[in-house]
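I have placed the structure first, in the form of C-alpha cells, so that the comments after it can refer back to it.
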Amino acid sequence: MAHEPGAPLRVALLGCGVVGSAVARMLVEQADDLAARAGARLEIVGIAVRRPQRPRPDVPVDPALFTADAEELVTRADVVIEVIGGIDPARALILRAMEHGASVVSANKALLAEDGPTLYDTAARYGVDLYYEAAVAGAIPILRPIQESLAGDHVRKVMGIVNGTTNFVLDAMDVSGAGFAETVAQAQALGYAEADPTADIEGFDAAAKAAILASLAFHTRVSAADVHREGITEVTAADIRAARENDCVVKLLAICERVTADGTDAVSVRVHPAMVPRSHPLASVREAFNAVFVESAAAGELMFYGRGAGGDPTASAVLGDVVAVARHRVAGGRGPGESAYADLPVVDMGQAVTRYHISLDVADRPGVLAQVAAAFADHGVSIETVRQQAVAGEGERAKLIVVTHRASDAALSATVSALGSLDAVDDVASVMRVEGA
Ligand SMILES: NC(=O)C1=CN([C@@H]2O[C@H](COP(=O)(O)OP(=O)(O)OC[C@H]3O[C@@H](n4cnc5c(N)ncnc54)[C@H](O)[C@@H]3O)[C@@H](O)[C@H]2O)C=CC1
Ligand SMILES: N[C@@H](CC=O)C(=O)O
Ligand code: NA
C-alpha cells in the first residue's frame with residue numbers, strides 16, 4: 001500500500017518482556033530521530049501482552065495501548081514487531097500481519113530456523129518485508145552484512161560464538177578451573193543463564209542461529225533440524241585443562257562452511273564445543289559476549305563482535321530493522337527477500353572435516369605408542385603431534401596427547417572408539433575438536 005506523505009507509520013509491538021520493553025521505550029524516547037531517519041513518525045498503535053492490566057512503569061506509553069488481543073492488533077499496523085518468542089502463536093501472528101499488509105521485524109531465531117521459508121513466501125506473496133537482525137548475535141550487525149554487504153562476494157565459512165550464556169560458563173571454567181555444574185549455578189545467580197538454561201547449554205539456541213547464518217551465507221534453505229548439535233554439558237574441567245596445556249580455550253562454536261562432498265558443492269553446519277588456539281580472534285571473546293568470524297573469497301577474513309543479548313542491545317538491532325522497513329514503506333519497494341537459489345545439499349556430521357585433540361591415559365611400556373599410532377593409521381587419520389607426559393607417582397602409567405591433521409569426523413570418531421578398546425589405554429580422558437588453527 002502506498003504511504004501517504006506526512007502520515008505516520010502504525011507500529012504494533014507483540015510482547016513486552018526483556019526485548020519488547022526496551023523497544024517500546026526507545027521508540028518513545030528516540031521518536032524524533034527515528035522519524036527523521038525513517039521519513040515518517042513511528043506511532044505505537046498497540047502492544048500485545050498476556051496481562052494488559054499489569055503496571056509497567058518502565059514502559060513510557062499510554063497504558064490504554066496494552067491489549068491482550070494480538071490477532072486484532074496485527075490487522076491495523078504497517079509494521080509489526082514480534083518479540084514474543086517461540087513457534088506459536090508467534091508464527092500465526094506474523095502470517096496474519098503479512099496477510100493484512102504489514103512488514104514484520106522479529107527477533108525470533110527459533111521460528112526463523114524452523115519455518116523461515118513459510119514466512120518468506122508469505123512476505124513475498126503480500127509484498128512486505130521480513131527482517132530479523134536481532135535473531136542472531138543480538139546487537140551485532142551480522143545478518144545484513146552477510147545478506148547485503150557481502151552479496152557480491154563468495155562466503156566460504158562463518159564461524160561464531162553466538163550464545164552468550166555458554167560463553168560465560170566456558171570462560172568462567174577457564175578462569176577459575178571450576179566444574180560445569182558449579183559454573184552454571186554461578187551464571188544463574190548472576191542473571192546470565194535462565195532458570196531453565198536447556199536451550200542454551202544443550203546448543204539449541206546456537207543451532208537455530210547457525211541454521212539462519214548458513215541459509216543466508218550459502219543461499220540455501222537450512223533448518224535447525226539440519227544442524228549437528230552438541231551442547232556443553234559434557235565439557236569437563238579436564239577438557240578445559242587439556243585445552244590450556246595446548247594453548248587453547250574451549251568455545252561453543254557455530255560453524256557453517258562450504259564443503260565438497262562426493263565431488264559436488266555442499267554445506268556443513270554444526271554446533272559443538274571446540275578447542276580454539278589462544279591466538280585466534282574468537283579466543284579473546286570473554287564472558288557473555290558474542291562474535292562471528294566470516295571468511296569470504298574476496299574480502300578475506302572479517303570479524304563481528306559485541307553483545308548478543310540483553311534488552312537494549314537486542315532492541316538496537318530490532319529498531320535498525322524497523323527503520324529499514326519503514327524507509328521502504330515511505331519510498332515504496334521492499335528489502336531483499338529469500339535467496340535460496342544455490343539449493344546446496346547439507347552433509348551429515350560424519351562428512352565434516354575437522355581436527356581432534358585427544359588425551360589418553362596409557363600404560364608406559366614398549367609397543368604402546370605403536371598400538372595407538374596403528375589405531376589412527378587404520379582409520380586413515382594422520383597424526384600431527386604426539387606428546388607423552390609421565391604421570392607423577394605412577395611409574396608405569398603415562399598420558400599421551402595426540403593432535404590430528406584434518407580428517408572426516410566419521411574417521412576420527414571411529415579412531416576414538418578403537419582407542420577406547422585397546423588394552424594399553426586405561427582411559428580416553430578428553431576428546432575435543434580443534435578449530436581455527
Ligand atoms: N532476551 C534477549 O537477550 C534476546 C532475546 N531474543 C529473542 O527475542 C524474543 C523475546 O525475548 P525476551 O524479550 O527475552 O522474552 P520475554 O520472555 O522476556 O518476553 C516475551 C514477552 O512476550 C509475551 N507473550 C508471550 N506470549 C504472548 C502472547 N500470546 N501474546 C502476547 N504476548 C505474549 C510475554 O508475556 C513476555 O512479556 C525471543 O524470540 C528471543 O529469542 C533475541 C536476542 C536476545
Ligand atoms: N540466550 C541467548 C540470548 C539470546 O539470543 C544467549 O545466551 O546468548
Ligand atoms: Na544481530
Side-chain angles (χ1 to χ4, degrees), residues 12-24 46-52 54 56 58-59 66-74 80-94 105-114 131-147 160-170 184 187-188 191-209 212-213 216 231-232 252 254 285 287-292 304-321:
L13 182 60
L14 309 182
C16 198
V18 173
V19 180
S21 57
V23 168
I47 303 178
V49 291
R50 279 197 285 227
R51 283 173 294 155
R54 211 187 90 193
R56 291 178 172 84
D58 54 329
V59 185
F66 290 102
T67 171
D69 194 349
E71 288 196 11
E72 183 277 330
L73 175 60
V74 299
V80 169
I81 304 171
E82 184 275 307
V83 281
I84 288 175
I87 305 303
D88 279 314
R91 171 171 44 199
L93 290 169
I94 288 176
V105 172
S106 174
N108 193 334
K109 59 243 163 178
L111 177 57
L112 264 302
E114 172 155 317
Y131 274 53
Y132 47 93
E133 180 60 75
V136 179
I140 304 176
I142 181 63
L143 301 189
R144 241 175 302 152
I146 290 177
Q147 218 174 354
I161 295 167
V162 292
N163 184 269
T165 304
T166 47
N167 201 56
F168 178 86
V169 170
L170 293 172
V184 170
Q188 281 171 320
Y192 286 111
E194 294 183 29
D196 177 5
T198 312
D200 294 314
I201 65 176
E202 296 286 2
F204 289 102
D205 178 80
K209 292 165 178 171
I212 295 170
L213 287 168
L216 298 178
I232 63 165
L252 182 72
V285 178
E287 301 176 345
F289 280 84
N290 284 194
V292 184
F304 301 81
Y305 172 86
R307 292 187 192 278
D312 282 15
T314 309
S316 163
V318 168
L319 285 172
D321 282 352

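Side-chain atoms are counted along with the backbone in the values below, which use heavy atoms only and exclude waters and symmetry mates. Numbering starts at 1 and runs along the sequence shown. Just follow the structure's listing: the first ligand is 1, and inside any ligand the first atom is 1.
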Would you mind finding which of [options] brings a heavy atom closest to [atom]?
atom: atom 26 (N) of ligand 1; options: V18, V136, I84; value: I84
atom: atom 3 (O) of ligand 1; options: A135, G310, S21, A199; value: G310
atom: atom 31 (C) of ligand 1; options: G86, A48, G17; value: A48

Using 0.5 Å steps for rounding, measure from the [atom1] atom of [X] to the [atom2] atom of [Y].
X: N163; Y: K109; atom1: CG; atom2: NZ; value: 8.0 Å
X: N290; Y: N167; atom1: CG; atom2: CG; value: 7.5 Å
X: T314; Y: E133; atom1: OG1; atom2: CD; value: 11.0 Å

**OP:** Run through V59, D58, V23 and flag the one making a side chain to side chain contact (heavy atoms under 4.5 Å, CB included) with C16.
**Re:** V59
Original post:
When you check the side-chain N and O atoms of T198 and D196, is any donor under 3.5 Å from an acceptor?
Top reply: yes
With a 4.5 Å heavy-atom cut-off, do [X] and [Y] have their side chains touching?
X: V83; Y: L13; answer: yes
X: E114; Y: I87; answer: yes
X: V105; Y: E82; answer: no
X: V49; Y: R54; answer: no
X: I94; Y: L111; answer: yes
X: L143; Y: L213; answer: yes
X: F304; Y: P145; answer: yes
X: I81; Y: L14; answer: no

Identify, for [atom], the protein heavy atom at the shortest distance, and state residue, atom and that distance.
atom: atom 3 (C) of ligand 2; value: A309 CB, 3.6 Å
atom: atom 29 (N) of ligand 1; value: P89 CG, 3.4 Å
atom: atom 34 (C) of ligand 1; value: R50 NH2, 3.9 Å
atom: atom 8 (O) of ligand 1; value: A107 CB, 3.4 Å
atom: atom 5 (O) of ligand 2; value: K109 NZ, 2.5 Å
atom: atom 1 (N) of ligand 2; value: D200 OD1, 2.9 Å
atom: atom 44 (C) of ligand 1; value: T314 OG1, 3.3 Å
atom: atom 5 (C) of ligand 1; value: V19 CG2, 3.6 Å
atom: atom 23 (C) of ligand 1; value: G15 CA, 4.0 Å
atom: atom 8 (O) of ligand 2; value: G164 N, 2.6 Å

Can you name the atoms of ligand 1, numbered from 1 with element, that are less than 4.0 Å from a heavy atom of [X]?
X: G85; answer: 38 (C), 39 (O)
X: A134; answer: 42 (C), 43 (C)
X: C16; answer: 21 (C), 37 (O)

Subject >> Heavy-atom closest contact (A107 atom, V318 atom, distance) >> reply: CB-CG2, 4.5 Å
**OP:** Inspect the contact between D312 and R307 and indicate whether a charged nitrogen and a carboxylate oxygen are less than 4.0 angstrom apart.
**Re:** no
Does [X] put an N, O or S atom under 3.0 Å from the Na ion (ligand 3)?
X: A317; answer: no
X: I140; answer: yes
X: V136; answer: yes

Considering only heavy atoms, does [X] approach ligand 1 within less than 4.0 Å through its side chain, its backbone, both, or neither?
X: K109; value: side chain
X: A110; value: neither
X: V49; value: backbone

**OP:** Could you tell me if any non-hydrogen atom of V83 lies under 4.0 Å from any atom of ligand 1?
**Re:** yes
Subject >> Numbering as shown, the atoms of ligand 2 that approach K209 to under 4.0 Å (heavy-atom distance) >> reply: 4 (C), 5 (O), 8 (O)
Subject >> Proximity to ligand 2 by part of T165, non-hydrogen separation under 4.0 Å >> reply: both
Original post:
Is any heavy atom of the protein nearer than 4.0 Å to atom 15 (O) of ligand 1?
Top reply: no
